[in-house]
Amino acid sequence: MSSPAPIILDAPRLGLASQPVYATLVQFPAVCFLGTLISDIAYWRSANYLWETFSVWLLTAGCIVAAFAALAGLLTWIRHRHVRSLRYAKLHALASAVALVLSIVNAFVHSRDGYVAVVPDGLALSIIVAILMVLATWLGWPRPHLVQRVQSTHSGGL
C-alpha cells in the first residue's frame, strides 16, 4: 500500500525577490525612506536642524535609487511573464510606485525652510511612505510554493 506523496515547502524560485538586480536595488530606498521617518521624528522632537538635513539627503538618495529600482522592476515585469502572474505582484508594484511619487513630493516639502519643512506635512508623508514600503516589501516577499515530491519507484534505500 503506497502512502500519498508528502507535500513539502520548496524554496521560492519565481518571486519578485528572485530577480537579482531588482531585489538588490529595492533594498536601498526602503532603508532610506524608513531612515527619513526616523530623522523626521528626531527633528520633530528636538528641532535640531541637522536631522532635517539628514532627512533631505535620505529622501534624495532613496528617490534616485528607487528610480533605478523602478526601471529594473519594469524591465522584469515586461520580460518575465511569471512575475506578472504572481498573486501580489500588481499590488507590490502599485504600493512601490505610490511610495516613490509620495517621496518625491516629500522631497519638495522638505525643501522648505524652517520647522514647516518637516512638521506636520513632511512627517505625515514620511509615515505614509514608510507604511507603503513595509506593505510593498510584504507583498513582494517570495512565498514558498507547495510542491509535490515525486516518489521514486525504487523501493530499496537511498
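Numbers for residues simply follow the sequence, beginning at 1. Just so you know, these numbers use all the heavy atoms, side chains as well, and skip hydrogens, waters and symmetry mates.
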Test item: Val65 and Cys32 side chains (from C-beta on) under 4.5 Å apart, heavy atoms: no
Linked, directly or transitively: Leu25 and Val31 (ILVMFWY side chains, under 4.5 Å): no
Test applied, side-chain contact (heavy atoms from CB on, under 4.5 Å); reference residue, Thr36; option that passes from Leu59, Thr60, Val129: Leu59
Any pair counted as ring pair (Phe, Tyr, Trp, His ring centres under 6.0 Å), so long as it reaches residues 37-56, sequence neighbours left out: Tyr43-Tyr115, Trp51-Phe54
Within-4.5 Å side-chain heavy-atom neighbours: Leu37 and Leu123: yes
Qualifying residue, where the test is side-chain contact (heavy atoms from CB on, under 4.5 Å) with Leu102 and the options are Ile104, Asn106, Val98: Val98
Parallel, tilted or perpendicular: ring planes of Tyr22 versus His92, cut at 30 and 60 degrees: perpendicular
Nearest-0.5 Å distance that lies between atom CE in Met133 and atom CD1 in Ile128: 14.5 Å
Shortest non-hydrogen separation from Leu135 to Ala95 and the atoms involved: CD2-CB, 4.5 Å
Euclidean distance, Leu125 CG relative to Phe33 CZ, rounded to 0.5 Å: 11.5 Å
Straight-line distance of Ile64 CD1 to Ser103 OG, nearest 0.5 Å: 12.5 Å
Nearest heavy-atom neighbours spanning His110 and Ser126: CE1-OG, 4.1 Å
Path from Phe68 to Phe28 over hydrophobic side-chain contacts below 4.5 Å: yes
Approximate separation, where rounding is to 0.5 Å, of Leu94 CG and Leu132 CG: 8.5 Å
Nearest-0.5 Å distance that lies between atom CD in Glu52 and atom OG in Ser39: 9.0 Å
